[in-house]
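Here is the structure we will look at, set down as structure tokens.
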Amino acid sequence: MALLLIRNDKNYEPWIEALKKADSSITVVTPETVENPDEVTMAVTWKAPQGSFADYPNLKAIGSMGAGVDHLFEDKSLPCDVTLTRVVDDKLASDMQEFVSALCLNHIRNLKVYSALQDQSNWKPTPYRRAKEVCIGILGLGTLGQAVGTMLTNVGFKVTGWSHSKKEIENITSYSQNELDAFLSEAEILVCLLPLTEKTQGILNTELFSKLPKGAYLINVARGGHLVENDLTEALKTGQLSGAALDVFNTEPLPEDHPFWNNKDIIITPHIASMSNASSVSAQIAKNYKRLQTGEELINTVSHDRGY
Ligand code: OXD
């Protein structure tokens, strides 16, 4: 049996090293080093090229190296009889908590405004808001959404969340699927942490923005595919949105000539909100590989039907 790694960037060394450290008995191969494709029973991937799994007839499980799994479903030849898994990691969650909290505080304390004023040597105190006066709505109350929401309540914000079904989370008001409008009507800062599926593709659009309080702020740390880019530009122009912080884009890296770069109302970061780290997530991958060998149920599984 062997564990196959497939990465779009072919950066295998840290993963091989970390997996060997987690369990030295595992045979780790890559598409470049595999000698016998029949012995591959599990693949772990980040953005594998289309059709990558076709050569491995004994594949039983495919795991994402990150929290997101949309890249798995992009492959139309993804075998439908394999177990899918993703990464659930405390470090990913705490990195996301810190990043989103920083953006929310940056927004209410006008730090971006002062950065622009500094460029003009302009001393101009501006009124600010306090966390407890601001309602943050989190789209998507999965592992990361819940972690971020809890952190934001600790900072002092009022936090609400929207997800398929209502969730019981301390100090967070939870809205279910058919309560989207009520959820949006309060969200002065909207944080997108949804999985990208056919249902959520393009959800951040003019119609949704129009249901937010005027001047709301958008933070997208999920996937570029959630956002209709022209609708954001328009909402910023009309003042329906006062600004946005985007960490993810339809095309990454964001092309040099993309209009977002020159939009003073948008903060752009290069998909660094929380990065999957080989040394912190390899233990759970090795554990799943062992479970597969012994016939136990895998952990952190993903539904083929729901797409997350
Ligand atoms: C992930 C990501 O899904 O880095 O882990 O976006």
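Only this structure's heavy atoms are used, side chains among them; waters, hydrogens and symmetry mates stay out. Whatever order the structure lists ligands and atoms in, that order sets their numbers, starting from 1.
Heavy-atom proximity to R223, at under 4.0 Å, picks out these atoms of ligand 1: 1 (C), 2 (C), 3 (O), 6 (O). Taking a cut-off of under 4.0 Å to the non-hydrogen atoms of S274, the atoms of ligand 1 that pass are 4 (O). For ligand 1, the atoms sitting less than 4.0 Å from at least one non-hydrogen atom of G66 are 5 (O), numbered in the order shown with element in parentheses.
For the residue pair S25 / K290, a side-chain donor-acceptor distance below 3.5 Å is found, with atom types taken as modelled. Judged purely by distance below 3.5 Å, without hydrogens or angles, the side chains of E296 and T294 pair a donor atom with an acceptor atom. For the residue pair H71 / S64, a side-chain donor-acceptor distance below 3.5 Å is found, with atom types taken as modelled.
When only non-hydrogen protein atoms are considered, atom 5 (O) of ligand 1 lies nearest to A67 N, 2.8 Å. The protein non-hydrogen atom at the shortest distance from atom 3 (O) of ligand 1 is G68 N, 2.6 Å. The protein atom (non-hydrogen) at minimum distance from atom 2 (C) of ligand 1 is H271 NE2, 3.5 Å.
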Pairs under 3.5 angstrom only: tabulate donor-acceptor contacts from the side chains of residues 255-269 to other protein residues two or more places apart or in another chain.
{"from": "H258", "atom 1": "ND1", "to": "F260", "atom 2": "N", "distance (Å)": "3.0"}
{"from": "H258", "atom 1": "NE2", "to": "E229", "atom 2": "OE1", "distance (Å)": "2.7"}
{"from": "W261", "atom 1": "NE1", "to": "P255", "atom 2": "O", "distance (Å)": "2.8"}
{"from": "N263", "atom 1": "OD1", "to": "D265", "atom 2": "N", "distance (Å)": "2.9"}
{"from": "T269", "atom 1": "OG1", "to": "D247", "atom 2": "OD1", "distance (Å)": "2.7"}

(request) May I have the step-by-step check of side-chain hydrogen bond (donor to acceptor under 3.5 Å, both in side chains) for N277 and S279, ending in yes or no? (result) CA-CA 6 Å; N277 177 302; S279 59; 2.7 Å; yes
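By the 4.0 Å heavy-atom criterion, R86 is excluded from the residues contacting ligand 1.
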